[in-house]
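The structure under discussion appears below in the form of structure tokens.
The structure presented is a predicted model; accordingly, all values stated were derived computationally and were not measured. Below, chain A is the first sequence line, B the second, and so on; all start at residue 1. Any value given below was found using the heavy atoms of this structure, including those in side chains, with hydrogens, waters and symmetry copies removed.
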Amino acid sequence: MGTHATKPDSTKRILDAVRAIPKGQVAGYGEVARRAGLPGRARLVARLLSQNEDRRLPWHRVLRSDGRIAFPEGSEGWHEQTARLRGEGILVENGRVRGLRAAVTREEALDAEVWGAPPVSRKAAKAVGKSGRRR
DNA sequence: TTAATGACCGTGT
DNA sequence: TACACGGCCATTA
């Protein structure tokens, strides 16, 4: 079969994980990697996105773990990502997605009540919208 | 082979 | 909120 290795399916899995982010929701690079079954490969996710050319890919829904856009403020990509997110009804201000902290906090609190999740420090609460974290 | 780089992450101060 | 530090990982120089 593969006389020479084909593109690692980790690539495919990461792209699938990105495509799986519902419209109007966002996820962090690390979160995407984890969902793709590749914990710790956040940088790989970033690299793939930087080389991606598929316009169908909802790359704009991927943010840094603190809810900020990964591009340098004011750059072209920064502007485009902001515009795309807003286009989906996501509130973005100053390169940062707003409305996550409250929502996430609420869900974390719920998790804690439901199955005794560990204490959430502000850091964790800031974690990017795992909006679809219900299971 | 080693060093630097990058759309990153989590913790600690 | 901001910055420093150490980790992680694939690609490039």
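Only A/A46, A/L49, A/S50, listed by number, bring a heavy atom of residues 45-57 of chain A to less than 4.0 angstrom from any atom of DNA chain B. For residues 37-44 of chain A, proximity to DNA chain B is found at A/A42, A/R43, defined as any non-hydrogen atom under 4.0 angstrom from a strand atom.
Looking at A/R68, its side chain never comes within 3.5 Å of a backbone N or O of A/L63 through a donor-acceptor pair.
The nearest whole Å value for the distance from the CZ atom in A/R34 to the P atom in C/dC8 is 18 Å. Atom CZ in A/R64 sits roughly 8 Å away from atom P in B/dC9 (whole-Å rounding). Rounded to a whole Å, the CG atom of A/N94 is 12 Å from the C1' atom of C/dT1. At whole-Å resolution of the value, CZ in A/R35 and P in B/dC9 are 13 Å apart. One atom, CD of A/Q81, and another, C1' of B/dC8, lie 14 Å apart when rounded to the nearest Å. Look at OH on A/Y29: it is 18 Å from P on C/dA10, rounded to the nearest Å. Here B/dC8 presents its C1' atom at 10 Å from CG of A/D66, a figure rounded to the nearest Å. Taking atom CD1 of A/I69 as the reference point, atom C1' of B/dG6 lies 18 Å away to the nearest angstrom.
Between A/E31 and A/R35 a salt bridge is recorded (basic side-chain N to carboxylate O distance below 4.0 Å).
Applying the side-chain hydrogen bond (donor to acceptor under 3.5 Å, both in side chains) test between A/H60 and each of A/R86, A/Q81, A/E88, A/E80 identifies A/E88 as the sole match.
Side-chain contact between A/T11 and A/L48 is present, with at least one heavy-atom pair separated by less than 4.5 Å. You'll find the side chain of A/L38 reaches within 4.5 Å of the side chain of A/R13, heavy atoms only. Counting heavy atoms from C-beta on, the side chains of A/L91 and A/V97 never come closer than 4.5 Å. In this structure, A/L57 and A/R19 have side chains that are in contact, with non-hydrogen atoms separated by less than 4.5 Å.
Distance check, rounded to the nearest 0.5 Å: CG of A/L15 to CG of A/L49 gives 7.5 Å.
Note on A/G30: only backbone sugar-phosphate atoms sit closer than 4.0 angstrom, heavy atoms only; bases stay farther off. Within the 4.0 angstrom heavy-atom criterion, base atoms lie near A/W59.
Spacing between C/dG7 and B/dA7 at atom P, rounded to whole Å, works out to 23 Å.
Smallest separation of non-hydrogen atoms from A/R61 and A/L85: CA-CD2, 4.2 Å.
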